[in-house]
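Scroll down for the structure; my scribbles are underneath it.
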There are 2 protein chains.
Amino acid sequence: MTLASHAFPAVQEAPVFRAGLDDCDKAYLGSLGFVLRRYPSHAVIARQGDEQDRIFVMHSGWGCICTELPDGERQILDFPLKGEIVASRPFEGEAAESFISQTELTAFEAPAKALLAGLARSPKFAAVLLGAIARQRAILVQHLTNLGRRSALIRTAHLLLELGTRLEMANAAKRFGFECPLTQYDLADALGLTAIHVNRMLRELRERGYLEFRHGAVHYLNRQGLECFAGFDPGYLRLPGESWGWSESPIP
Amino acid sequence: MTLASHAFPAVQEAPVFRAGLDDCDKAYLGSLGFVLRRYPSHAVIARQGDEQDRIFVMHSGWGCICTELPDGERQILDFPLKGEIVASRPFEGEAAESFISQTELTAFEAPAKALLAGLARSPKFAAVLLGAIARQRAILVQHLTNLGRRSALIRTAHLLLELGTRLEMANAAKRFGFECPLTQYDLADALGLTAIHVNRMLRELRERGYLEFRHGAVHYLNRQGLECFAGFDPGYLRLPGESWGWSESPIP
DNA sequence: GTGGTGTATTAACCTATGTTAAGAACGCCG
DNA sequence: CGGCGTTCTTAACATAGGTTAATACACCAC
């Protein structure tokens, strides 16, 4: 739309917005005041309990959304990936969750009020936003189901498959897997397990010939078998109004 | 607004809407085509996988939102209570969850599209809706944290305290507790436990002098102690823009 | 009354996961 | 190069929670 969109990454190209908006809405989006900011690793980008007035669109790096308990433990709710929205308390009130970077991370930021105004402006814009919120909710629901009703082994597999699929949807996956800078402690906090047990589960997945998680990368050894074993059905990751993936080579 | 609102319960009086909307918005709400419907107990009101085109506002009775796994197990995500919204996939796409009645249940229903249109109509209306969605998300997050990082005993206590507080907010609690027709199997499916273990935990809570769950009702024995023990902080249940509770006797 | 179904309760036993402890591998920095 | 912190890995042991099974209790149909 502008020269800047060639010189700098533009929020309009984020997967959340890319599919659903026409040029007019994208121009409007460009006017909302999104700024690309960079955070170092292990930075607290938004703290649980603070007034929540910004929303984020991930651009690079890894972070997590988590709740912190009085005893110092934490529960990771999700790892927002490239092109996904972070808007924990959509548009009002104090945040119930923290947003923390795991690696160096860049994200677009805008005042939440700007987006709220956009809801009234264009039905298409509203639909895209609500679609993104619905997808986030679906992901949260899967994580909840994971914790409540799946064994540690399947739970671990399910999360890794989900992350891989989401990265593919953002064109950020590798050929045989994906880069994943999470530590086993991070995974443990997301899976409701101990880091030691995560280690056991990763070994088990490797020994069963499903996948390998080493040197900050996940390599599938038998992806189809793993999806079957984990009961992974990626339907919940689809953004409404979007056909499957924007990869160059669509899966039949 | 109309004669009918005296003869029949009106959706405008539901807690979700009651606080935030002015008369004009309430009149609009009344025009959206909400219909009060009655379901028998153990009815499937919306099934996982079906196209989701209605939203509900609970009016009486108990139900649950759950996901069903291939192996026949289920994970209950939440128990929507009187005056709360049920809109699992807000406004589009197929439902990732089922909505099932536990007791006989009545709810207002309207086509989801009607609400979507309301977003553009009035900023206040949009804010109320988004507030309700945000609250639902906060509840989901607490349930997730419950499953991931709290012991079975505290988890059980936390859920019961939450339900009690939500019922109070809807003016639907008793003096010393609340009526709760859930079975121990229902609780187990919500807590990620076995019904047998739920039984053990309820006994433990009773023996410790915290609360009693018998004959379909929860009686607090030492509510303050229990809240402290469970680390229960009801802040996440507040609807944005709402002061604490609309009970006649506000808690200091 | 009798029987039947769903729920609650308890006990005995088993297993998945947590805990503690200790090395090993790797990167970073002097 | 050597030392130090972070992460990974494994083993031995402890326990929370699951499993199986049996009894008791309520409610309803007949």
Side-chain angles (χ1 to χ4, degrees), chain A residues 40-42 62 64 69 71-76 101-104 146-160 179-208 211-219, chain B residues 40-42 62 64 69 71-75 100-104 146-160 179-208 211-219:
Chain A
S41 65
H42 304 286
W62 285 66
C64 70
L69 293 170
D71 63 356
E73 294 225 79
R74 66 176 187 171
Q75 174 64 46
I76 292 180
S101 61
Q102 251 116 15
T103 66
E104 187 176 273
N146 242 357
L147 290 178
R149 284 287 177 238
R150 293 201 252 251
S151 71
L153 189 61
I154 290 184
R155 207 185 304 173
T156 308
H158 199 278
L159 177 62
L160 292 177
E179 292 189 16
C180 177
L182 302 177
T183 69
Q184 295 181 357
Y185 292 87
D186 295 328
L187 286 177
D189 283 340
L191 294 168
L193 298 171
T194 307
I196 288 119
H197 203 60
V198 168
N199 185 286
R200 288 198 274 252
M201 296 301 100
L202 291 175
R203 168 157 42 116
E204 180 88 18
L205 289 173
R206 189 178 347 119
E207 284 171 355
R208 291 197 189 199
L211 66 72
E212 226 170 23
F213 185 177
R214 299 203 137 167
H215 312 296
V218 172
H219 278 251
Chain B
S41 64
H42 304 287
W62 285 67
C64 70
L69 293 170
D71 62 358
E73 294 224 79
R74 68 176 185 169
Q75 174 64 46
I100 295 175
S101 62
Q102 249 118 15
T103 67
E104 187 177 273
N146 242 358
L147 291 177
R149 285 285 178 239
R150 291 201 253 252
S151 72
L153 188 62
I154 290 185
R155 209 186 302 176
T156 308
H158 200 278
L159 177 62
L160 292 177
E179 291 189 17
C180 178
L182 303 177
T183 69
Q184 296 181 357
Y185 292 87
D186 296 327
L187 285 177
D189 283 339
L191 294 168
L193 298 171
T194 308
I196 287 117
H197 203 61
V198 168
N199 186 287
R200 288 197 274 252
M201 295 302 99
L202 291 175
R203 169 161 36 117
E204 179 88 18
L205 289 173
R206 188 178 347 117
E207 285 171 355
R208 291 198 188 195
L211 65 73
E212 225 170 25
F213 185 178
R214 298 203 138 166
H215 312 295
V218 172
H219 279 250

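Letters A, B, ... mirror the listed sequences (proteins, then strands); counts begin at 1.
Counting only distance, with no hydrogens or angles, the side chain of B:D189 and the backbone of B:D186 share no donor-acceptor pair below 3.5 Å.
Between B:L182 atom CG and C:dG6 atom C1' the separation is 15 Å, expressed in whole Å. B:Q184 places its CD atom 8 Å from the C1' atom of C:dT9, with the value rounded to the nearest Å. One can place CG of B:L187 at 12 Å from P of C:dT7, the figure rounded to the nearest angstrom.
Mapping B:L153 and A:F213 onto DNA chain D via the closest heavy atom, the residue that lands nearer the 5' end is A:F213. Each of A:H215 and A:S151 was assigned the nucleotide of DNA chain C with the nearest heavy atom; the assignment lying further toward the 5' end belongs to A:S151.
The distance from the NE2 atom of B:H197 to the CG atom of B:L191 is 10.0 Å, given to the nearest 0.5 Å. Note that CG of A:L160 and CG of A:L182 are 8.5 Å apart. Values are rounded to the nearest 0.5 Å.
Side-chain contact between B:Q102 and B:P181: absent, with no pair of heavy atoms (C-beta onward) separated by less than 4.5 Å. Using a 4.5 Å heavy-atom threshold, the side chains of A:M201 and A:L187 count as separate.
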| request: Test A:Q75 against A:L69 for side-chain contact (heavy atoms from CB on, under 4.5 Å), laying out the working first. | output: CA-CA 8 Å; A:Q75 174 64 46; A:L69 293 170; 5.8 Å; no
_Stepwise salt bridge (Lys or Arg N to Asp or Glu O under 4.0 Å) test for A:E204 and A:R208_ = CA-CA 6 Å; A:E204 180 88 18; A:R208 291 197 189 199; 2.9 Å; yes
Going 5' to 3' through nucleotides 18-24 of chain C and flagging B where a protein heavy-atom sits under 4.0 Å of the base, S where only the sugar-phosphate is that close, and - otherwise, we get BBB----
Considering only distance and modelled atom types, tabulate donor-acceptor pairs under 3.5 Å from the side chains of residues 212-219 of chain B, sequence neighbours left out.
none

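Taking the 5' to 3' direction, DNA chain D first and last meets chain A under 4.0 angstrom from a heavy atom at D:dT7 to D:dA12.
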